[in-house]
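Here is the structure we will look at, set down as structure tokens.
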4 protein chains.
Amino acid sequence: MRPVGASGVETRQRVEATALALFAAQGFTATGIRQLAREAGITSAALYSYMGCKEDLLASLMRGLMEPLLERSQTIATSDTQPEVRLRALARAHVRLHGEEPLAARIADTELRALTGDLLGEMLALRDAYEALWVAVIVDGVRDGTFACADTRLVAIALIDLCTGVSGWYRPDGRHTLETIATMHADLCVAAIRAPR
Amino acid sequence: MRPVGASGVETRQRVEATALALFAAQGFTATGIRQLAREAGITSAALYSYMGCKEDLLASLMRGLMEPLLERSQTIATSDTQPEVRLRALARAHVRLHGEEPLAARIADTELRALTGDLLGEMLALRDAYEALWVAVIVDGVRDGTFACADTRLVAIALIDLCTGVSGWYRPDGRHTLETIATMHADLCVAAIRAPR
Amino acid sequence: MRPVGASGVETRQRVEATALALFAAQGFTATGIRQLAREAGITSAALYSYMGCKEDLLASLMRGLMEPLLERSQTIATSDTQPEVRLRALARAHVRLHGEEPLAARIADTELRALTGDLLGEMLALRDAYEALWVAVIVDGVRDGTFACADTRLVAIALIDLCTGVSGWYRPDGRHTLETIATMHADLCVAAIRAPR
Amino acid sequence: MRPVGASGVETRQRVEATALALFAAQGFTATGIRQLAREAGITSAALYSYMGCKEDLLASLMRGLMEPLLERSQTIATSDTQPEVRLRALARAHVRLHGEEPLAARIADTELRALTGDLLGEMLALRDAYEALWVAVIVDGVRDGTFACADTRLVAIALIDLCTGVSGWYRPDGRHTLETIATMHADLCVAAIRAPR
DNA sequence: TATGAATGAGATTTCATTCAT
DNA sequence: TATGAATGAAATCTCATTCAT
């Protein structure tokens with residue numbers, strides 16, 4: 001008995017949007033299935049038409065951010081340009097996606113620990129693959145003398161963390177456009193590891 | 001029927017250590033009062049001799065990190081040295097405390113949203129005061145031409161985030177000593193905002 | 001896994017009947033939610049399909065007595081008959097309802113103190129409105145010389161108390177019918193305040 | 001290690017006074033042992049120097065009212081005066097004690113159901129003996145033609161209830177003195193069952 | 001007489017999930 | 001696709017009480 005005017009697709013989108021908002025604001029564990037249902041305008045039983053279980057829903061939200069991020073970054077990291085250009089592009093892409101999808105970003109960055117089993121493995125693999133792209137670019141830069149750094153992986157993580165912060169405070173109506181912020185962070189990253197001349 | 005040989009002080013320490021470990025690993029919300037009690041070796045009822053409520057316990061763990069951090073940083077930020085020296089010292093102190101107390105650090109950095117009411121207000125005030133110290137130092141550096149940056153507060157937060165990441169992966173038996181890592185992060189921070197000559 | 005053959009309506013009635021019995025016999029506070037659930041034949045979790053919280057359930061049981069009582073009494077008190085007739089009718093209605101619904105009556109009369117906030121306010125308002133009806137009738141009687149009394153409100157409360165006692169000991173299979181008892185109490189009330197000729 | 005200046009006797013009195021206030025206001029079940037201790041200014045463990053268990057304390061408070069009431073009423077009921085005089089005296093004594101000790105009275109009248117076992121038996125015996133005194137006086141009055149009533153025990157209970165109400169609203173600084181109120185209730189009682197001439 | 005620490009049981013309420021309709 | 005009713009387990013917290021000190 002579907003309410004007139006509501007299609008499954010719309011409902012699904014509403015559920016996902018609501019979950020994004022709640023998980024990001026309160027955390028996955030602190031968000032109850034009934035609050036989620038209530039704010040999405042359906043019963044909690046109906047939720048299970050749109051998700052396997054609560055954890056599946058979380059994983060699919062994470063995928064929604066991490067898969068595009070990984071995809072774009074793969075293209076960037078393997079492109080045929082100088083390491084500095086690629087590092088800037090990686091940073092820009094990271095900042096842009098974190099600014100455009102701050103909710104999904106926050107969830108992806110903080111709720112890994114809520115996952116278990118296969119879902120956890122899947123997400124860890126995505127994250128590791130992503131980190132490896134940054135490492136590869138930095139290694140290239142170190143090799144050709146553009147960059148200088150003591151521990152590549154460690155620095156890669158530090159720079160990613162630096163760009164990740166954006167999702168915590170960026171507002172579309174804030175003082176700077178997302179493009180400006182992306183440029184600033186790209187500058188910070190490159191400045192941080194550029195080899196002294 | 002108090003187990004012979006256990007004093008209140010010891011039990012309190014055991015409770016706090018257990019809470020640090022569990023809250024850091026699983027998150028505050030995902031950690032139940034009974035698990036906490038079980039792993040601390042007491043009943044859940046006895047927990048309430050050592051805390052007002054679960055949220056009070058969380059707040060006191062956060063204070064344990066944020067108050068020392070704020071105190072040391074205040075001394076640094078108001079010392080009579082060059083901005084670059086002070087910024088390096090801030091970064092080193094931040095990294096050092098986050099490396100020494102990674103559990104408390106992780107909790108302080110991720111569980112603010114679990115607080116409500118007065119406790120939330122108190123912690124936000126601590127955090128804001130801390131951020132203000134970094135901002136002040138950066139402003140000083142910009143004024144005397146050492147640093148160049150577009151938006152002080154934004155950059156301050158980005159640099160703090162950068163140093164915060166340490167608590168996520170640092171291990172005492174890892175490849176670098178904490179001092180080395182602190183130096184590296186201080187380098188990253190300064191490099192990131194040093195004015196081009 | 002809903003037991004076949006049980007509908008929500010039946011369950012709700014069973015819950016309310018059980019609550020009436022237990023609250024009346026043991027008191028609201030002394031009755032646990034699990035005992036209530038057990039004796040109603042459901043789980044304690046399922047109780048919450050039928051009530052907001054324990055206090056809401058109490059308030060709704062009270063309403064079940066006080067609203068009809070107030071309604072009937074309003075009709076009586078504002079009817080166009082002599083004060084003595086109206087007082088007798090008030091007493092009879094009170095006794096009758098207290099005899100027919102002794103459990104609800106006992107609860108309404110003794111568990112006000114278990115309520116808080118808005119629910120308490122609502123019930124106090126009902127009680128005050130009810131007392132005011134008796135006062136009004138007595139005042140009318142005093143005015144036309146039928147009754148004589150020093151303090152109307154005080155006497156009104158005393159007479160109501162007198163009729164209330166019925167719910168404590170009346171049994172349908174006792175020595176007197178409820179109608180007889182009602183008559184007796186109406187007699188007592190009128191005799192108690194009739195002006196001496 | 002008794003705090004200087006506090007004697008056991010004083011503490012005991014403070015405990016009993018506190019218990020009277022709390023049990024009367026909130027009910028026996030709703031009053032926790034720790035609230036009681038806190039408001040009496042001792043630890044909950046120390047309470048057990050002054051009482052066997054919570055239920056013992058309740059019983060002793062009840063005795064404090066019911067034994068004097070029974071004693072005085074026994075003297076009255078067996079005195080060599082006319083039934084009407086004795087009934088008035090019973091009512092006056094009841095009202096007086098309920099007005100002077102409204103807290104104990106309220107507890108004695110409402111918390112019987114919180115007792116179990118021997119303590120319950122003891123209190124029921126006191127109550128029954130007391131009721132029997134009223135019944136005896138009324139019977140005497142009926143015999144000599146002063147009173148007229150259909151069911152002695154039933155009427156006795158109704159009149160006791162009527163006088164009991166006093167403890168619910170009497171305030172020493174109210175509109176009437178306790179003596180006046182006692183007189184009014186004695187009047188009500190006698191008027192209610194006086195045989196028509 | 002008093003305390004601090006502790007206990008086992010239980011309080012009310014919510015959890016994620018299931019299932020016949 | 002959606003619902004109302006239900007579940008077993010667990011949530012946080014309080015209960016009255018005990019006992020070595």
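Residue numbering restarts at 1 for every chain, and letters A, B, ... go by the order of the sequence lines.
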Dot-bracket summary - DNA chain F, pairs being Watson-Crick or G-U whose distances fall under 3.5 Å, with | when paired to another strand
.||||||||||||||||||||
Is there a side-chain contact between [X] and the phosphate of [N], meaning an N or O under 4.0 Å from OP1 or OP2?
{"X": "A:Thr43", "N": "F:dT3", "value": "yes"}
{"X": "B:Tyr48", "N": "E:dA6", "value": "no"}
{"X": "C:Thr11", "N": "F:dA6", "value": "yes"}

To the nearest 0.5 Å, what is the distance between [atom1] ([X]) and [atom2] ([Y])?
{"X": "D:Leu124", "Y": "D:Leu112", "atom1": "CG", "atom2": "CG", "value": "5.5 Å"}
{"X": "C:Glu16", "Y": "C:Leu103", "atom1": "CD", "atom2": "CG", "value": "13.0 Å"}
{"X": "B:Glu111", "Y": "B:Arg106", "atom1": "CD", "atom2": "CZ", "value": "9.5 Å"}
{"X": "C:Arg38", "Y": "C:Ile33", "atom1": "CZ", "atom2": "CD1", "value": "12.0 Å"}
{"X": "D:Leu119", "Y": "D:Leu58", "atom1": "CG", "atom2": "CG", "value": "8.5 Å"}

Report the distance from atom [atom1] of [X] to atom [atom2] of [N], rounded to the nearest whole Å.
{"X": "A:Ile42", "N": "F:dT3", "atom1": "CD1", "atom2": "P", "answer": "7 Å"}
{"X": "A:Tyr50", "N": "F:dT3", "atom1": "OH", "atom2": "C1'", "answer": "13 Å"}
{"X": "B:Met51", "N": "F:dT14", "atom1": "CE", "atom2": "C1'", "answer": "12 Å"}
{"X": "C:Glu10", "N": "F:dA5", "atom1": "CD", "atom2": "P", "answer": "12 Å"}
{"X": "D:Leu22", "N": "F:dA16", "atom1": "CG", "atom2": "P", "answer": "12 Å"}
{"X": "B:Leu36", "N": "F:dT12", "atom1": "CG", "atom2": "P", "answer": "9 Å"}
{"X": "A:Arg12", "N": "F:dT1", "atom1": "CZ", "atom2": "C1'", "answer": "11 Å"}
{"X": "D:Gln26", "N": "F:dT14", "atom1": "CD", "atom2": "C1'", "answer": "14 Å"}

Option passing side chain to side chain donor-acceptor pair (under 3.5 Å) with B:Thr31 (candidates B:Glu39, B:Gln26, B:Lys54)
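With B:Thr31 as partner, B:Glu39, B:Gln26, B:Lys54 yield a single side chain to side chain donor-acceptor pair (under 3.5 Å), made by B:Gln26.
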For DNA chain F, whose closest nucleotide is more 5', that of B:Cys53 or that of A:Ala46?
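It is A:Ala46 whose nearest nucleotide is closer to the 5' end.
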N/O to N/O distances under 3.5 Å, protein versus nucleotides 9-11 of chain F:
{"from": "F:dA11", "atom 1": "OP2", "to": "B:Arg34", "atom 2": "NE", "distance (Å)": "3.2"}
{"from": "F:dA11", "atom 1": "OP2", "to": "B:Arg34", "atom 2": "NH2", "distance (Å)": "3.1"}

Does D:Arg34 reach the main-chain N or O of D:Ser44 with its side chain, forming a donor-acceptor pair under 3.5 Å?
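Checking the backbone N and O of D:Ser44 against the side chain of D:Arg34, no donor-acceptor pair under 3.5 Å is found.
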Please tell me which of B:Ser49 and A:Glu55 maps to the more 5' nucleotide of DNA chain E, matching each residue to the nucleotide holding its nearest heavy atom.
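Upstream on the strand: B:Ser49.
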Taking everything shown except D:Asp128 itself, do over 12 heavy atoms lie less than 6.0 Å from its CG?
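For D:Asp128, atom CG is crowded (more than 12 foreign heavy atoms under 6.0 Å).
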Which heavy atom of D:Ile107 sits nearest a heavy atom of D:Leu20, and at what distance?
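Looking at all heavy atoms of both residues, the shortest contact is CD1-O, 3.5 Å.
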